[in-house]
Amino acid sequence: MPPTAMQNLKRQTDLVIAGLIVGIVLLIIIPLPPLALDVLLTVSLTLGLMILLIPLFITDPLQFAAFPTLLLVVTLYRLALNISSTRLILSQAQAGNVIDAFGHFVVGGSYIVGFIVFVIITVVQFVVITNGASRVAEVAARFTLDAMPGKQMSIDGDFNSGLITEAEARERRRRLQRETDFFGAMDGATKFIRGDAIAGLVILFVNIVGGLIIGMLVLHMDLMQALQRYTVLTIGDGLVTQIPALLVATATGVLVTRASPDASFGKDIMRQFLNFPRILFVAAAVLFVLGLIPAMPNILFLLLAGSLGFFAYGLTQEERRRERAEQEKAARRAQVERREPENVLTYFQVDPLEVEIGYNLVALAGEEQGGGLLHRVAALRRQAAQELGIYVRPIRIRDNLQLGPNAYVFKLRGVEAGGGELMTGHFLALNPAGVENGVKGVPTKEPTFGLPALWIAPGERERAEAAGYTVVDPGTVLVTHLNEFIKQHAHELLGRQEVKELLDTVKERNEAVVEELVPNLLSLGEVQKVLQNLLRERVPVRDLVTILEALADAARLSRDSDFLTEHARQALARTITRLYASGGRLQVITLHPRLEQVLADAVQQTALGSYPVLEPGRARRLLDRLKAIVEKVQLKGLAPVVLCAGRVRMPFRRLTERTFPQLAVLALQEIEPHVEVEAVGSVTWDED
């Protein structure tokens, strides 16, 4: 079916609007015949009426977000018509049938009365409606701007608590920005109305004074004839332009004064009036008393009092019926709930990561108490994306009365996996040197790394800092612990859905590598396994393109996850080197060549990967030697790093990960050539 004219018009809306605005500007320059002016004035009246009606029916000011710009356009349109009508009045002593009809209707035989009526309309618009709307728009713009940070924090809090999704949070932020822009624009747009009213008064006096001069000197009219003619035309012209201006000004006031637009203006008014039938009874009683006063129009007051009383009685009965219906509905709902089995499907939905806190720690999460925990947790999620390259789902924070008042726990997939205790109102003081400095406090263990510490009162803070302690508040302790917990369990937080979302993100700019790898060479689960292996050893997966390209090359040789992981690590050599090298130097613990050979010979392939099988006694002595060397390295203030051949890196890591979960094990192929490697210890093999 061929497109209709209306469809064509909708597709060319931008061109049509641009043409109309240019046409408005041309009205100021091009003289108009009286018939064309009549048509355009009628359009102006119609447009003003439509603009007044729209705010009465919308339920949200943003549904009419184009109003500030439209206000400027219609103001320019009315001023252009004012100029065109003034040109006709002064040049031809006529301005069409519309202006002439308005002038005669209002004047009604008395030019003074007509002039006063016009002035009153203009003053009402300028002094009452325009000033009021301008003030409300100014206050609304200021309050909206002031409330913007609080609303943004509320959105972040709901998002971090899991109450809304990321898409909903993004939509709320966009709406908040639109509200701010709208009310800011309304604050400026109301100035157009005030200027329009002033221009109307100026044009009124120009038409009358200029008309009298031109009528008597150019058209050779006598004074009364010129006064009669130009007064009618001027008043008619003023009314035809000021009535649409009054409608638009009223629409502005309605739009900016609607405090809670849950429904249209009419429904709001009716619902809020009808919610209080007792007020109607009081009003009816007052009118009834007034109707009994002899000097009053008794019949009118008594009839109005009777009508209000009857209406209020009907509303009261309706309210009682509604209450009874709600009670019956609630009783039926309770009866149905008792009969129906409980819906247990919701119990199968668990959050990937959640934090539960005791009731003494609730203040850490409350915005009104200045806790700021929600925003710091949101920063942790951004930090995880930046440092580890993973997407951490919103972390739910909830109180648990079954916990100790000062306790908190971290749960993975609904199972407790970590936690600690905090003392609110105190600070945690860490003493890196381990020297007693006379600081008083409650001895404790720092929950993240298990270091000895003290809970000190706020008054001891300056003294502790002067003594060399590191002093942190309880919120920082919890966030630091949570940050380390996320790094430690990042591989558990990376599920298939998260991997798919990461691949979709990469695919937007690197479509070729994703399409080549998944699912042609590897499945989504196999890619997930490699990424989990990297994260288990705290290797960031942010450079996902490099990882995927390495996997695409290695997958043609083998789909073994250990082989793929080692290949990916070699591709990330620059990243891994930067993690452990400092100043171009990497200090490592090496393995004796004999030990590397023994580990290589002892490797056995299983369904879960490559594991070295050693005699338990020798394995124990090997771990003891490694422990002694690691402790010596740590005493020097260095992070222990083991460097070995690539073929034994993974087996040695699996042999030591239970005893030394934080120990970094690197292969020679993972070190950049320009980095200087310094051996600070060597692990030998027991030959006995």
Side-chain angles (χ1 to χ4, degrees), residues 166 350-353 381-394 412-413 417 485-579 603 605-611 646-647 649-651 653-654 657 661 664-667 669-670:
E166 185 174 2
V350 294
D351 296 312
L353 176 59
R381 297 177 61 235
R382 292 191 293 269
Q383 183 178 347
Q386 183 177 1
E387 295 183 358
L388 299 177
I390 64 171
Y391 171 59
V392 179
R393 300 281 179 187
L412 279 174
R413 312 289 180 185
F485 183 83
I486 291 175
K487 292 180 180 179
Q488 183 179 354
H489 298 276
H491 60 284
E492 298 183 58
L493 297 174
L494 187 69
R496 279 178 168 79
Q497 183 61 37
E498 286 76 16
V499 173
K500 184 179 185 304
E501 292 173 1
L502 291 176
L503 294 180
D504 290 341
T505 303
V506 173
K507 192 174 181 179
E508 293 178 0
R509 294 190 176 183
N510 299 272
E511 183 178 359
V513 63
V514 177
E515 290 185 348
E516 178 187 0
L517 181 63
V518 180
N520 296 329
L521 298 176
L522 296 177
S523 67
L524 188 66
E526 289 171 322
V527 175
Q528 176 201 9
K529 183 64 66 177
V530 173
L531 297 180
Q532 286 179 329
N533 287 341
L534 294 173
L535 291 172
R536 186 178 283 107
E537 299 188 54
R538 302 199 177 190
V539 176
V541 296
R542 186 180 180 185
D543 188 4
L544 199 55
V545 174
T546 299
I547 297 173
L548 297 180
E549 289 182 346
L551 294 181
D553 294 336
R556 302 182 185 279
L557 303 176
S558 173
R559 298 178 65 168
D560 179 70
S561 61
D562 288 351
F563 174 78
L564 296 174
T565 301
E566 295 303 304
H567 205 81
R569 287 178 63 94
Q570 293 175 21
L572 295 174
R574 184 180 297 107
T575 300
I576 294 175
T577 302
R578 293 294 184 273
L579 289 177
V603 170
Q605 295 291 337
T606 68
L608 300 177
S610 302
Y611 286 85
R647 59 175 181 166
R649 195 208 69 83
M650 181 66 78
R653 166 66 185 171
R654 286 181 173 148
E657 63 181 347
V665 181
L666 308 183
Q669 297 86 342
E670 299 168 4

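The structure displayed is predicted, hence computed values, not measured ones.
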Identify every side-chain donor-acceptor pair in residues 563-571 under 3.5 Å, counting partners at least two apart or on other chains, and give the distances.
unit_1: Thr565; atom_1: OG1; unit_2: Asn533; atom_2: ND2; d: 3.0
unit_1: Thr565; atom_1: OG1; unit_2: Ser561; atom_2: O; d: 2.7
unit_1: Glu566; atom_1: OE1; unit_2: Arg649; atom_2: NE; d: 3.1
unit_1: Glu566; atom_1: OE2; unit_2: Arg649; atom_2: NE; d: 3.2
unit_1: Glu566; atom_1: OE2; unit_2: Arg649; atom_2: NH2; d: 2.8
unit_1: Arg569; atom_1: NE; unit_2: Glu670; atom_2: OE1; d: 3.4
unit_1: Arg569; atom_1: NE; unit_2: Glu670; atom_2: OE2; d: 2.8
unit_1: Arg569; atom_1: NH2; unit_2: Val665; atom_2: O; d: 3.4
unit_1: Arg569; atom_1: NH2; unit_2: Glu670; atom_2: OE1; d: 2.8

Margin query: Do Pro394 and Arg381 have side chains that approach each other closer than 4.5 Å (heavy atoms only, starting at C-beta)?
Written below: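 Heavy-atom side-chain distance check passes, below 4.5 Å.
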What's the spacing between [X] [atom1] and [Y] [atom2] if we round to 0.5 Å?
{"X": "Arg653", "Y": "Leu666", "atom1": "CZ", "atom2": "CG", "result": "10.5 Å"}
{"X": "Leu544", "Y": "Leu531", "atom1": "CG", "atom2": "CG", "result": "6.0 Å"}
{"X": "Leu494", "Y": "Arg536", "atom1": "CG", "atom2": "CZ", "result": "11.0 Å"}
{"X": "Thr546", "Y": "Leu572", "atom1": "OG1", "atom2": "CG", "result": "6.5 Å"}
{"X": "Leu522", "Y": "Lys529", "atom1": "CG", "atom2": "NZ", "result": "13.5 Å"}
{"X": "Glu498", "Y": "Ile390", "atom1": "CD", "atom2": "CD1", "result": "8.5 Å"}

Next item on the list: Go through the structure and list residues passing ring pair (Phe, Tyr, Trp, His ring centres under 6.0 Å) with His491, not counting sequence neighbours.
Entry: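 So His491 forms no ring pair (Phe, Tyr, Trp, His ring centres under 6.0 Å) with any residue.
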Notebook entry, point to check: Checking side chain to side chain contact (heavy atoms under 4.5 Å, CB included) for the pair Glu657/Arg654: CA distance, chi angles, key distance, verdict?
Noted result: CA-CA 5 Å; Glu657 63 181 347; Arg654 286 181 173 148; 4.0 Å; yes
Using a 3.5 Å cut-off and no angle test, enumerate the donor-acceptor pairs between side-chain atoms of residues 499-517 and protein atoms at least two apart in sequence or in another chain.
unit_1: Lys500; atom_1: NZ; unit_2: Asp504; atom_2: OD2; d: 3.2
unit_1: Glu501; atom_1: OE1; unit_2: Arg393; atom_2: NH2; d: 3.4
unit_1: Glu501; atom_1: OE2; unit_2: Arg393; atom_2: NH1; d: 3.4
unit_1: Glu501; atom_1: OE2; unit_2: Arg393; atom_2: NH2; d: 2.8
unit_1: Glu501; atom_1: OE2; unit_2: Gln497; atom_2: NE2; d: 3.4
unit_1: Thr505; atom_1: OG1; unit_2: Glu501; atom_2: O; d: 2.9
unit_1: Glu516; atom_1: OE2; unit_2: Arg556; atom_2: NH2; d: 2.5

Restricting to non-hydrogen atoms, name the atom on [X] and the atom on [Y] that form the minimum distance, rounded to 0.1 Å.
{"X": "Ala384", "Y": "Val392", "answer": "CB-CG2, 3.7 Å"}
{"X": "Leu521", "Y": "Ala552", "answer": "CD1-O, 3.6 Å"}
{"X": "Leu388", "Y": "Ala490", "answer": "CD1-CB, 3.9 Å"}

Checklist line | Test side chain to side chain contact (heavy atoms under 4.5 Å, CB included) applied to Leu353 and Leu412, step by step | finding: CA-CA 5 Å; Leu353 176 59; Leu412 279 174; 4.2 Å; yes
Please enumerate all residues that pass salt bridge (Lys or Arg N to Asp or Glu O under 4.0 Å) together with [X], with sequence neighbours excluded.
{"X": "Asp351", "result": "Arg396, Arg398"}
{"X": "Arg413", "result": "none"}
{"X": "Arg559", "result": "Glu526"}

Item checked: Leu548 and Val527: CA distance, side-chain angles, deciding distance, side chain to side chain contact (heavy atoms under 4.5 Å, CB included) verdict -> CA-CA 8 Å; Leu548 297 180; Val527 175; 4.3 Å; yes
Item checked: Positive for salt bridge (charged side-chain N to carboxylate O under 4.0 Å, His left out) with Glu387, one of Lys487, Arg538, Arg578, Arg542 ->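 Checked Lys487, Arg538, Arg578, Arg542 against Glu387; only one passes salt bridge (charged side-chain N to carboxylate O under 4.0 Å, His left out): Lys487.
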